[in-house]
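Okay, so here's the structure we're looking at.
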Amino acid sequence: MLKRERQQYILDKVNRDGSALTKDIKEEFGVAEDTVRKDFQELSALGKVRRIHGGVLKLEQGAVDFELRASEQTSVKQYLAEKTLDFVKDKRVLYIDSGSTNLKLAQILPEAYSGTLITNSPAISLVLCECKNAEVILLGGNLEKTAKVVMGSNAIGQLEEMNIECCILGVSALSPENGITFPISEETLLKRTIVNKSKQIIAIANKEKLGRVSAFYCADISVIDILVTDEINEAILEPYRQCGVQVISETI
């Protein structure tokens with residue numbers, strides 16, 4: 001097989017499975033390990049994959065339309081939100097980060113909730129208005145129109161003045177080797193501030209987000225206290241546990 005065809009196969013595998021390992025490609029094509037590594041290096045240099053030890057990962061792209069994300073896998077997101085509710089309903093200062101699964105959590109938060117609710121998502125802030133006894137804070141700043149999320153220095157400045165008891169961190173790509181990553185630099189800076197200002201961090205992530213990597217590094221996986229996911233493959237989940245993360249693994 002020509003190099004071009006082999007590299008296309010690698011890309012197809014990464015896009016389908018989220019990753020490709022050196023040993024697997026070596027065995028499938030009967031080529032030397034150095035040959036596979038060169039393929040990985042060339043694809044990484046072209047910005048098509050992200051190198052990790054022993055293989056490559058899918059490189060997540062830029063912001064995705066919020067309405068599109070909100071319409072996908074709604075039953076899974078609803079189920080994961082319900083599994084998360086018990087961990088947050090008694091928190092007095094709760095930050096609900098932007099994200100379509102986090103929107104589901106906001107929608108099922110008890111109307112009687114009393115405390116301070118903070119978000120950088122206009123859509124989530126409108127839902128939180130149903131909590132009549134709560135103070136709702138919508139961060140101000142630059143509105144990213146595609147993802148419909150507030151970012152920028154103004155939002156970061158507000159967060160610097162806050163002490164957050166619990167944060168529901170919106171995530172797009174998680175990897176034990178590469179940490180928590182995001183496709184947009186400005187978004188990453190905001191997320192990093194949220195992480196630094198939060199006493200507890202909970203991430204809700206469907207299985208498609210695990211083992212993925214985006215362009216900009218936010219923090220190590222170990223900053224996550226609780227991970228709620230529909231992934232049930234223990235081989236995939238164990239590295240997260242080894243990083244000190246409490247994993248709540250549920251499937252519908």
Side-chain angles (χ1 to χ4, degrees), residues 66 69 77 80-110 113-128 131 134-141 144 147-175 179-184 186-206 209-210 214 216-229 240 243-248:
F66 181 79
R69 286 188 290 122
K77 293 174 181 178
L80 294 178
E82 290 171 356
K83 290 296 178 181
T84 307
L85 183 61
D86 283 342
F87 294 104
V88 303
K89 61 185 180 182
D90 295 326
K91 304 297 182 182
R92 299 276 58 85
V93 182
L94 177 62
Y95 184 95
I96 304 181
D97 198 13
S98 60
S100 55
T101 307
N102 290 358
L103 176 63
K104 292 290 186 184
L105 177 64
Q107 290 169 341
I108 63 173
L109 202 64
Y113 175 91
S114 60
T116 300
L117 297 167
I118 310 162
T119 185
N120 65 329
S121 165
I124 289 176
S125 71
L126 292 175
V127 171
L128 294 179
C131 298
E135 177 185 6
V136 179
I137 299 174
L138 173 62
L139 298 182
E144 205 292 320
K148 293 181 173 57
V149 55
V150 174
M151 297 185 290
S153 58
N154 288 340
I156 290 173
Q158 286 178 270
L159 284 168
E160 292 286 3
E161 301 299 320
M162 296 179 178
N163 289 309
I164 299 168
E165 182 180 0
C166 178
C167 163
I168 308 300
L169 185 68
V171 295
S172 57
L174 299 176
S175 163
I180 308 168
T181 55
F182 296 95
I184 302 173
E186 191 173 25
E187 178 185 21
T188 306
L189 293 174
L190 182 73
K191 304 279 192 180
R192 196 174 295 153
T193 305
I194 296 168
V195 167
N196 291 336
K197 299 300 294 185
S198 300
K199 294 179 180 177
Q200 182 185 46
I201 297 172
I202 300 174
I204 314 173
N206 58 40
K209 295 180 179 179
L210 304 185
S214 288
F216 299 99
Y217 175 83
C218 173
D220 189 79
I221 284 292
S222 62
V223 304
I224 298 174
D225 295 291
I226 300 172
L227 171 63
V228 183
T229 180
Y240 293 88
C243 291
V245 180
Q246 179 184 351
V247 178
I248 308 300

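Just so you know, these numbers use all the heavy atoms, side chains as well, and skip hydrogens, waters and symmetry mates.
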Problem set entry | Contact summary for Pro183 and Ser214, nearest pair of heavy atoms | N-CB, 3.5 Å
Problem set entry | Considering all heavy atoms, the nearest Gly99-Ile124 contact | O-CD1, 4.1 Å
Exercise. Name the one of Ile96, Leu103, Leu105, Leu117 that satisfies side chain to side chain contact (heavy atoms under 4.5 Å, CB included) with Val127?
Worked result: Leu103
Problem set entry | Residues in side chain to side chain contact (heavy atoms under 4.5 Å, CB included) contact with Val223, at least two apart in sequence or another chain | Ile180, Val195, Ile201, Ala219
For this session: Please say which of Thr84, Val88, Ile202 ends up in a side chain to side chain contact (heavy atoms under 4.5 Å, CB included) with Ile226.
Result: Ile202
Problem set entry | salt bridge (charged side-chain N to carboxylate O under 4.0 Å, His left out) partners of residues 84-93, not counting sequence neighbours, each pair once | Asp86-Lys89
Seminar exercise, completed: By side chain to side chain contact (heavy atoms under 4.5 Å, CB included), Asp220 pairs with (sequence neighbours left out) Tyr217, Ser222
Seminar exercise, completed: When every non-hydrogen atom of Leu138 is compared with those of Pro122, the smallest separation belongs to CD1-N, 3.9 Å
For this session: Only counting residues at least two apart or in another chain, list the ones meeting side chain to side chain donor-acceptor pair (under 3.5 Å) with Ser114.
Result: none
Problem set entry | Set of residues satisfying side chain to side chain donor-acceptor pair (under 3.5 Å) with respect to Tyr240, sequence neighbours excluded | none
Exercise. Can you list the residues that meet the side chain to side chain donor-acceptor pair (under 3.5 Å) rule with Glu82, with sequence neighbours excluded?
Worked result: Gln78
Show which side-chain atoms of residues 154-161 pair as donor or acceptor with protein atoms under 3.5 Å away, not counting sequence neighbours.
{"unit_1": "Gln158", "atom_1": "OE1", "unit_2": "Gly140", "atom_2": "N", "d": "2.7"}

For this session: Report the residues that fulfil side chain to side chain contact (heavy atoms under 4.5 Å, CB included) with Thr101, sequence neighbours left out, ordered by chain and then residue number.
Result: Lys77, Ile204
For this session: Under the side chain to side chain contact (heavy atoms under 4.5 Å, CB included) rule, what do Leu94 and Cys166 come out as? Steps first, then yes or no, please.
Result: CA-CA 5 Å; Leu94 177 62; Cys166 178; 4.0 Å; yes
Seminar exercise, completed: Sequence neighbours excluded, the answer for side chain to side chain contact (heavy atoms under 4.5 Å, CB included) partners of Ala203 is Val171, Ile224, Leu227
Problem set entry | Partner set under side chain to side chain donor-acceptor pair (under 3.5 Å) for Asn102, not counting sequence neighbours | none
For this session: Starting at CD1 of Ile184, measure out to CG of Leu189 and round the result to the nearest 0.5 Å.
Result: 11.5 Å
Exercise. What are the two closest heavy atoms between Pro110 and Leu85, and how far apart are they?
Worked result: CD-CD1, 4.0 Å
Problem set entry | Check: Ser125 main-chain N/O paired with Thr119 side-chain donor or acceptor under 3.5 Å | no
For this session: Would you check if the side chain of Asn120 reaches a backbone N or O of Ser98 as a donor-acceptor pair within less than 3.5 Å?
Result: yes
